[in-house]
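By convention here, the first residue in the shown sequence is residue 1. Predicted model only: the values in this text are computed from it and were never measured.
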Amino acid sequence: MIERPLDLDAARAFLLIAELGSFTRAAEAMGTTQAAVSLKLKRLEERLGCRLLERTPRYVQLSARGSAFLQRARELLDAHDRALALFAGARQRLAIGISDHVAGPELPALIARMNAQDPQLSIEIRIGSSGDLLQSFDRRELDTVIVRQHAGRGDGEVLTEEKFGWFAAPSWRHFAHEPLPVATMAEPCGVRAMAGQLLDAAGVPWTEVFIGGGVRAVAAAVMAGLGVAALAPRMLPFGAVDVGSKLGLPDLPRLPVLLHTRVKDGRPRDALAALSAAFRSAVKG
């Protein structure tokens with residue numbers, strides 16, 4: 001019979017490693033070092049008398065015992081958080097703006113990660129263009145924004161960099177004598193401006209055939225066969241193909257994703273650290 005209680009920090013470290021697939025990301029979410037997270041996991045495994053994770057230099061994977069323990073660890077931490085919530089007082093609010101070019105299909109999982117970090121935190125999410133969100137941030141309407149790099153701004157913390165490509169539907173064909181049909185976001189959009197500048201510099205004739213109010217609309221136009229778009233691969237439905245090399249289009253750079261925040265400490269900062277770590281994992285994946 002197990003008598004000594006489990007270390008809740010160690011259980012939280014295990015849960016984060018399992019969910020984020022990385023010791024490094026788990027350390028970022030907990031605001032500590034990778035070595036400290038590794039030590040917490042080691043002590044938890046010693047306490048339970050079994051190996052919870054199989055790790056190699058390339059990946060982290062749950063063991064059979066780890067898979068069985070995962071849901072129990074969630075339930076343990078949820079019960080702990082609900083107990084503390086009785087004495088937490090008023091909910092704290094965190095208003096976050098996320099660029100439409102950044103908020104991909106992983107957004108529900110990212111929000112869930114923040115809620116798991118602090119169920120008593122009231123989270124407001126606003127999606128928009130990087131330029132509009134930065135203006136709202138400067139007006140102090142938002143506590144934090146996660147955006148693409150914007151012209152004229154040199155501040156912000158780089159969360160990650162993301163690959164972009166020229167994508168089209170598998171059945172789409174381009175006729176050489178016609179301008180390249182391009183689907184874009186509406187202005188102001190830094191990716192839209194960058195794509196146009198690169199095409200002009202490469203001497204590629206092009207024309208806008210679709211202007212969408214969001215990345216989902218642009219992706220839908222691409223898959224409908226209207227033309228090509230400069231997008232990150234994770235933003236597109238399965239089956240879209242990168243036609244940049246085939247058409248001799250200019251290479252698109254890896255674009256940084258920046259975090260701008262006034263949140264410095266407390267529960268909102270912990271939730272934001274969890275969001276940042278989960279986002280890095282989503283982009284890397």
[atom1] of [X]: more than 12 outside heavy atoms within 6.0 angstrom?
X: R43; atom1: CZ; result: no
X: R269; atom1: CZ; result: yes
X: R140; atom1: CZ; result: no
X: R234; atom1: CZ; result: yes
X: D251; atom1: CG; result: no

Are [X] and [Y] in one and the same hydrophobic cluster, where Ile, Leu, Val, Met, Phe, Trp and Tyr link if side-chain heavy atoms are under 4.5 Å apart?
X: I123; Y: V102; answer: yes
X: F164; Y: L236; answer: no
X: M235; Y: L258; answer: no
X: I98; Y: V257; answer: yes
X: V37; Y: L48; answer: yes

Let me confirm one number: the [atom1]-[atom2] distance from [X] to [Y], rounded to the nearest 0.5 Å.
X: L70; Y: F14; atom1: CG; atom2: CZ; result: 5.0 Å
X: M185; Y: I211; atom1: CE; atom2: CD1; result: 11.5 Å
X: L133; Y: D138; atom1: CG; atom2: CG; result: 11.0 Å
X: T144; Y: I125; atom1: OG1; atom2: CD1; result: 9.5 Å
X: M194; Y: L199; atom1: CE; atom2: CG; result: 9.0 Å
X: L41; Y: I17; atom1: CG; atom2: CD1; result: 4.5 Å

Hey, does the side chain of [X] reach the backbone of [Y] with a donor-acceptor pair shorter than 3.5 angstrom?
X: W166; Y: L252; answer: no
X: T207; Y: P179; answer: no
X: R262; Y: L142; answer: yes
X: R254; Y: T160; answer: no
X: D100; Y: I127; answer: no
X: R126; Y: G97; answer: no
X: D143; Y: A95; answer: yes

Taking all atoms of both residues into account, what is the closest heavy-atom pair of [X] and [Y], and its distance?
X: L198; Y: P253; result: CD1-CD, 4.0 Å
X: L52; Y: E45; result: N-OE2, 2.9 Å
X: A232; Y: F167; result: C-CE1, 4.4 Å
X: A183; Y: V209; result: N-CG2, 4.4 Å
X: A18; Y: L62; result: CB-CD2, 3.9 Å
X: R148; Y: S130; result: N-OG, 3.1 Å

Geometric class of the H177/F175 ring pair [parallel <30°, tilted 30-60°, perpendicular >60°]: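 Answer is tilted, since the angle falls between 30° and 60°.
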Decide yes or no on side-chain contact (heavy atoms from CB on, under 4.5 Å) for L6 and R47, but give the supporting numbers first. CA-CA 8 Å; L6 294 179; R47 176 68 184 82; 3.8 Å; yes
Run the numbers on H174 and L247 for side-chain contact (heavy atoms from CB on, under 4.5 Å), then give the verdict. CA-CA 8 Å; H174 178 235; L247 299 180; 4.2 Å; yes
Intermediate values then yes/no, side-chain contact (heavy atoms from CB on, under 4.5 Å), V228 and W172: CA-CA 9 Å; V228 305; W172 179 79; 3.6 Å; yes
Take E208 and W206 through the test side-chain contact (heavy atoms from CB on, under 4.5 Å) and record every step on the way to the result. CA-CA 7 Å; E208 284 182 331; W206 62 281; 3.7 Å; yes
